[in-house]
Amino acid sequence: MARRILCAGPTAIAPAVLDRMTQASTNPDLDPAYLSFHQQVIKKYQRLLNTEATTFMMLGEAMVALEGAVVSLVEPGDRVLVLSNGVYGQGFADYVRFVGGEPVVFSQDHRHGLDLDRLAAFLAEDHDFALATMVHCETPTGVTNDLAGLAGLLNRYGILSIVDSVSGIGGEKVDFDAFGLDCILCGSQKVLSAPTGLALVTLSKRAEAKIADRQKEVPSFYLNFKNYYAYDDPAFAFPYTMSEHLTAALDEALDRLLAQDYLSLHARYARLTRETVRASGLSLYALDHFASTVTAVCLPEGLSASQLLDAMRAKDILISKGVGPMADRLFRIGHMGNNISEDNFRALFAALDQSFTDLGYPLDQSLEETFTAFLADDRF
Ligand SMILES: *Cc1c(COP(=O)(O)O)cnc(C)c1O
């Protein structure tokens, strides 16, 4: 039996995506055809953001882009508003400190989306910020923040935004220009369902100007965004050797995603998952702003995430546990990208039913039966 991946990332990679890697056969440093191919892949990716703004890829995990954004955009002494309702949101404060910026954390309970009224009231008192950092979808909790609303508030005061949408783009609506965002970051291995190793960055003109107008040099060469887009000679389009294999895989993965009504698909599976889980007697961790890409579920008292994950892995199904303080109290289902199929979700819910029973915590109502009934229900 093939292993099924239903984690909150890295997600399941389609065989066609892996096959494409085996067909890549040029030298990206020397072959001009590679550059035009690379640019076409960027154009495909930009469709997910509804933008033609400057976009480039770096080699590395998404963290490379996250840290690169702070290193490139934040100058020593910049006050940076760190919007935090989760582990990733909070993490930006450290990056800001590392480069000599002054993080001011606007923090909120992890079970709710960032509250726009509270933020508006906060900004009315204090809006002397060069930038704000935020997370689109907090993968550890399954909460998706209202990017359009947040950017709208920040733009009233000319505060530039850095957005971690590593688990959002492709599953949540992003309208980079219309939302008025300045820097949005993604990784290849979540919703896009390509191999781990590409970090994607998109910048507004304002963000480019902030980088161009820096008083102090960017304190890094490798993470300096400018090296990836501010070149005169296309021969220097890539500061370092690109991975044509990863680019080819991403191209195929984007084709597969774009061939579907991907936003509706993610919203549907998110809703199916939430309603199925609720009917079973389990409760969701998020209380509002439910993510379309991941659902975090509270475990019954006495049952740990490790026990459940072990039982599921024995059935050849990988799900995620919690992160940070809730690591062992939650389990998470990634309805992301190529994880999504009826077959995968039936198998997932059947295995969860069995695991909860085997571990001594039988559910009120079978997840698999509920899911099957919901699939045939017009409401979904
Ligand atoms: C997965 C994830 C990251 C980190 O991505 P890596 O590629 O593992 O570095 C950052 N932010 C969010 C919201 C994520 O889901």
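Just so you know, ligand 1 is whichever comes first in the structure, and atom 1 is the first atom listed for that ligand.
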*asked:* For the residue pair Arg271 and Phe380, would you count it as a cation-pi contact if the rule is NZ or CZ under 6.0 angstrom from the ring centre and within 45 degrees of the ring axis?
replied: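 Judged by the rule (NZ or CZ under 6.0 Å from the ring centre, within 45° of its axis), Arg271 counts as positioned above Phe380.
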*Counterpart residues, ring-ring contact (aromatic ring centres under 6.0 Å, His included), relative to Phe98 (two or more places apart)*: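 Here no residue qualifies.
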*Decide, yes or no, whether a salt bridge links Lys315 with Asp358 under the criterion of side-chain N to carboxylate O below 4.0 Å.*
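Judged by the 4.0 Å cut-off on N to carboxylate O distance, Lys315 and Asp358 do form a salt bridge.
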*If you look only at pairs with a residue in residues 183-219, which of them pass as a ring-ring contact (aromatic ring centres under 6.0 Å, His included), with sequence neighbours excluded?*
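Of all non-adjacent pairs touching residues 183-219, none passes ring-ring contact (aromatic ring centres under 6.0 Å, His included).
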*Only pairs at least two apart or in different chains count here, so list each ring-ring contact (aromatic ring centres under 6.0 Å, His included) that has a residue in residues 253-287.*
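Residue pairs with at least one partner in residues 253-287: Tyr269-Phe345.
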Starting from the N and O atoms of ligand 1, collect every protein N/O partner closer than 3.5 Å and put each pair on its own line with the distance to 0.1 Å.
residue, atom, partner, partner atom, Å
ligand 1, 7 (O), Ala62, N, 2.8
ligand 1, 7 (O), Gln189, NE2, 2.6
ligand 1, 9 (O), Ala62, N, 3.4
ligand 1, 9 (O), Met63, N, 3.0
ligand 1, 11 (N), Asp164, OD1, 3.3
ligand 1, 11 (N), Asp164, OD2, 2.6
ligand 1, 15 (O), Thr139, OG1, 2.4
ligand 1, 15 (O), Lys190, NZ, 2.7

*asked:* Among Phe356, Phe374, Phe371, which residue satisfies the ring-ring contact (aromatic ring centres under 6.0 Å, His included) criterion with Phe349?
replied: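 Exactly one pass, corresponding to Phe371.
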